[in-house]
Structure formats: structure tokens, C-alpha cells
Number of protein chains: 2
Amino acid sequence: MVTLAEVAQHAGVSASTVSYVLSGKRSISASTRQRVEQSIRELGYHPNAGARALAGKRSNIIALMIPLRTDMYVPVMMEIAIAVATTARTHGYDVLLLTGEEGPDAVRRVTGSGLADAMILMDVELEDERLPLLRETDQPCVLIGLPADTTGLTCVDLDWTATGALCVEHLAQLGHRDVAVIGEAPAVYERHTGFAERTLDGLRSGARERGLRLLHRPCEGGYDAMALTLARIFDERPGTTGFVVQNESAVEPLLALLRQQGRAVPEDVSVVAICPDQVAVQASVRLTSVAIPAQEMGRRAVEHLVAKLGGRGSDEVVLLAPGLTVRTSSGPAPAAS
Amino acid sequence: MVTLAEVAQHAGVSASTVSYVLSGKRSISASTRQRVEQSIRELGYHPNAGARALAGKRSNIIALMIPLRTDMYVPVMMEIAIAVATTARTHGYDVLLLTGEEGPDAVRRVTGSGLADAMILMDVELEDERLPLLRETDQPCVLIGLPADTTGLTCVDLDWTATGALCVEHLAQLGHRDVAVIGEAPAVYERHTGFAERTLDGLRSGARERGLRLLHRPCEGGYDAMALTLARIFDERPGTTGFVVQNESAVEPLLALLRQQGRAVPEDVSVVAICPDQVAVQASVRLTSVAIPAQEMGRRAVEHLVAKLGGRGSDEVVLLAPGLTVRTSSGPAPAAS
DNA sequence: AGGGGCTGTCGAAGCGCTTCGACAGTCAAC
DNA sequence: GTTGACTGTCGAAGCGCTTCGACAGCCCCT
């Protein structure tokens, strides 16, 4: 293992000079810099991470806490995680992967040990048990998701309320009067995940404004659960012509069932999905959808964190504006029969 | 921030004693141990990770390199990643998330800087450009996936060849003579990902043994791509009655298309999928499938690594035996018309 | 010519921990 | 009662880096 001291000796300078070349915190003459850089390359030097963390009081690591549960749509989480990792690297940070398993203890461990300089938390619940700890610690921290009380916290999230409203508005403009919402699995609501409840709020207030009738049904993913849910919906509201789907793993089953029942999309029934674009274009019908900007969320979270670590940036709630893309799964409501 | 020295002072012992209490590397009297542990709790002490890494020459971090690409089935990768993270924690390790973006440089950086004690590589290609580096370094390392040459490497993977053979065997036993394989996206084959090619080998040699006719078609995910592929298959081999699907995102489209064409599953056509169990049971037909044991792979990889780090364990290739679960998507071949 | 301000480099201290060797004290064996 | 092995604790060195203050040399201004 090559050390700073060896590089210094090789270049004929002192260790501190090499350090300053590396950090750029003091001016170094061009000739010295070149000599040092040359030595670094020749010796294949990599600064020791532990020593750096110890002396510099920063590890250049960002901790990312992802949920263990798999009742949320996994590809979205993965996309966020990958966006976090790649964005972090462009700022010189590495990413430590924590699962929800340890819960609040993980927060304590990481902040206490100086393992990470900052944290990103995913899958935040409205009353998340980790929040008190985060408020106490002075470690920079960004939530992906929006808890009930955001005082003293920085959050990045899609504006789910607006998303809900947007879906309803689109259907209302097309003349639909009876709209059903295929929601996330019941467990998601039970643990008060912000995004699900907020979407529902947006849907409801949008429906109220527009005078729509809204029926909300949580739904596990999969074909069987969807079949049951759909039967109940048409049973209760036979005139339903619009669907908003928030559970990605219910999308394809819904389309299949509608087809099977002889209900044409979009002629008889319109479907608006809340899902990543990839899902929307790969479905059996190209779906009108509000995109979940997973990458953007990951990227923004890291950039906020880096700003905070650099002394810039403050507590702030960033809500990304939703965008609805019209594809071929939505159209004018059929004339009332 | 609480330091070892503070704990020592609080407990009325020397720093080294506290260290030995923590590591258990020397015997400590019960009374002293209790006093120290008490102080640790009272002060809320967490050992500093950087100092530990520097002095102890090990960071207690395992690096996990996941691919950037999303042309593989993402949930499987996620499941592996989560299994790695949770298993690592039970052995006292944290997990550093590296994306494929940096490529071989990431290997150099991590081994050079002592950031991680060991590595796990996912998405290994047959002739992976990272392998030479891994063979050089003395850092323990486990691949999830199987390169062409495994000398000096430890690998964990599903036995894909056996998986392919198992699928064919099942269909052969049911009397199918013409079998089509819906493979991964062409890009997966082009970059010579081991699992795709090995599965194909298994399918082919199985078919040869059993006297089946096999038609292999790579296929992008999604409905449109599947529609095209399916049309070509029936065009070329109208008598096809068996399908093996390796691309998870083609499963549901395939089922929908078959239904649409009036081909009943399993009466007219049998489908065997290679996918996680969750996908198999959530599909619109409960799929006969060979499971991808993502969790097991992640767990085994970490356990091997931990064994290596502990001086036990050697280079070894672990191939997990595939298991086929018969559900309702496969049945006897229809009598020849 | 002399002082003042820069610029570029160095030496040394110290970050918090592990670990080695030293050394009291205890106990069993002779 | 001495020896020797063993147990439990301590002090000090050192891991590889960052950073602070010091300072030599230089140029420019008066």
C-alpha cells in the first residue's frame, strides 16, 4: 500500500505539500504540482479512506436508508438508489446502503460513528420514528418523501397532492363523472406513508372541485386481487368510466380484466396511471400517466445534501411538479347510455 | 462526540482496556467489563469508524457493485442487494453501494483506499473486464454470476444450465415437441452475460437429449416487442405448444397475447417462466416456474466473504440447484391436430 | 535600500483507535 | 518459600492523513 509519505519522498517534497496538492486548499506552484501528480500516478497512490476520515473529520460517504418492505414498487426505489449513487460519485461521495431493518438504531450508529457525513432517508412515513433523532443530530440529512411535520427538515418529493388533482382534472376535462381509484396495498395506508395519503387528498379535493364522484379502493398487486377489487367497483358504481391507478403492479391486471370484460380502453373506459414512464409505454395499452421522476428525486436529494455539506443550502421542502402525459389509454367519456 | 478515552476515564480504566472490552481480544475481569459497558451505555459511545479503520486496518465495509443497466429484471437485483445488506449487518459489516458506472476504476479505488474490506460483484459478464484486477488484488471478493474462467475466483450463482435443462425436461415430459424460448433482450446476449448464455446452453442440450425442437428468440420487454416476437415464432413454427420465458417483463404481455389469440393456457399452450416466485404467483395465470433465488444468492455471497475475511473459506464456485414449481400454466401437450 | 505583503513550502501536532510489550498480582506446584 | 505460569491491566507507539503556524524567498512600493 502506497502512502502519502512515499509519494512525498518520491516527488521530493513534504507530506503536507502532497496533501495540499490533493485538496487544493493552498496554492501550489505549477512545477511542484506536476511533479507530485506524476509521482501519484507512477506509484498508483490512493489516499487511505480511514486516515482521511479520521484527520479530516469527514468520510465522504452518504448513507442511504432504503426500506426493507417490498410492497412499494421496487423499480422506483432502485432507480432512486442508483441516481443517488451516481450523483453522489460526481460530487466525490460514496454511498452506504442501509436497510430499514435496524430502524432508528441505524441513524444513531451512523451519526455516532462518523461513518457517513450525511443521510438520505427513503420511504418516510407521516409520523416517522426516525425524525426526532434527525432533528437532534446536526448531521445533514434529506428525506425523500414528506412527513407530516417538516420543521427543521429538508425533503424532496413529487407533489403527490398535485399529482392526484392532475389525474382527476384530466378525466374531468374528458367528461368523466364517475372515477375509481386503484390505490396502493392497504398496508401502505396503514403505516401512513405520505405519498399515498397525499395523492388521495389531491384526488378527493380535485374531485370535489370538479363535481366528480370518486371511489377509492386500496389494492394489492397481482391479478387476483385486482379482479376482486374491480368487481366490487363495478358492483358499487356501474357507471364508472375513469380509473386512476397508483399501484404499478395492478396496472397490467386491470388492463387485462377490462379487455376480458369487453370494456374497450379508451372508448368505454379511460385509465390514468401514476407510474414511471417506462411502465406506461411498456404496458399493453400506452398509458396516459403522471410520471414518477425517480431519478430526479435521487439527484436532487444528493445535490441538496452536498450543498448543505458545503455550508450552503438550508432546510427546505422541494416538491417536484407533476407532469401528465396523454397517451392512448384516456379519451372522452362515452355518451351516457 | 464521545471518544474511547472519555469512556475509559468515566470507567476509571485505561483506553486499551476499553478497547479490549470492545474487541474481546484479551480477557477482562467481569467487574471491569461491566463497569466499562455501563460507561459506554451512559455516555452513548460509538467507536469512530475512521479511527477504527486506520488503526485496525479493516473498515468493516463490504462493497457491492451493481450494474447501472436496467435491461435486467430490476427487482431481482434489488432483492439481492437487500439480502446482501441485511446479511452483512448480521456479521457486523456495512455495505457500500457502487454502480457499474465507474467500471474497473471503482475496483481500483476501493481496494486502493481501504474503503472496503471485500467486494461483491453483480452482473458479471463471461469475459468481465474487472476480473484481471480482482485476481491481482488480495482483497476477498465474491461474484454473483459466473464468468467463463473462474480460476482464483469465488462465484455464487443459480445453476442456469441446469435451469434451462429443467424447463425443457418438464415440457418434454408433458409431451411437447415444439418449444419456443422467449429470451432476454438482445443487448444481454451481446454483452455476453453469463446467465443468459448458460440458460440457453441448458435449454439446447436438454432439447437435443429429449429430441425437442427449440426456437430461441431474444425479446425486449413490453407488449409491442412481445407481439412481434410471438408473431414471428408462430409464423416459423406454427406447431409450437411450449414456451420458456426468461425475460420477466415479457411474461404478462405473452399471456395477454395468447389469450387474445384464443390460445388457452395450459390447454393449447404451456408456459414455463424463469422468474422470482412472486412474479409467478402474481401473473394472470399462476405460472409454472423455476425460481430465481435472489435472497439466497445475496446471503451466500456475504457468508462466503465473511468466511474469507475470517481466514476460513477458499475459492469456490457455488451453483445453486434450480427448483421447478408446477403451477397452472403448464399441462400435457394437445393431441396433434 | 528597506519594509511590507505575497506565495509556496515545510515541520509538527493530533485525529481516535488498536495492539504490543511490560508488569503487577495471584495461585498452584514443587 | 521460591519458582513459574497465568491473568488482567496499563502505557506508548503508530496507523496515514489534515491543518496550523512558521518562514524563506520574492516582488513592489516608497
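In what follows, chains are A, B, ... by sequence order, proteins preceding strands, each numbered from 1. Since we're looking at a predicted model, the values are computed, not measured.
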By the 4.0 Å heavy-atom rule, please label [X] as base, sugar-phosphate, or nothing.
X: A/T3; result: sugar-phosphate
X: B/S29; result: sugar-phosphate
X: B/I28; result: sugar-phosphate

Send over the distance from [X] [atom1] to [N] [atom2], rounded to a whole Å.
X: A/N48; N: C/dC15; atom1: CG; atom2: C1'; answer: 13 Å
X: A/L22; N: C/dG8; atom1: CG; atom2: C1'; answer: 17 Å
X: B/Y45; N: C/dG16; atom1: OH; atom2: P; answer: 10 Å
X: A/Y20; N: C/dG11; atom1: OH; atom2: P; answer: 13 Å

Short side-chain N/O contact from A/S16 to OP1 or OP2 of C/dT9, under 4.0 Å: no
Among [options], the one nearest [X] by side-chain distance:
X: A/L54; options: D/dG16, D/dG21, D/dC10; result: D/dG16
X: B/V13; options: D/dC15, D/dC10, D/dC17; result: D/dC10
X: B/R26; options: C/dC20, D/dG14, D/dG16; result: C/dC20
X: A/K57; options: C/dC15, C/dT18, D/dG8; result: C/dC15

Candidates B/D123, B/L146, B/V188, B/L158 - the one meeting side-chain contact (heavy atoms from CB on, under 4.5 Å) with B/F195: B/V188
Distance (rounded to the nearest 0.5 Å) between B/T154 OG1 and B/I120 CD1: 11.0 Å
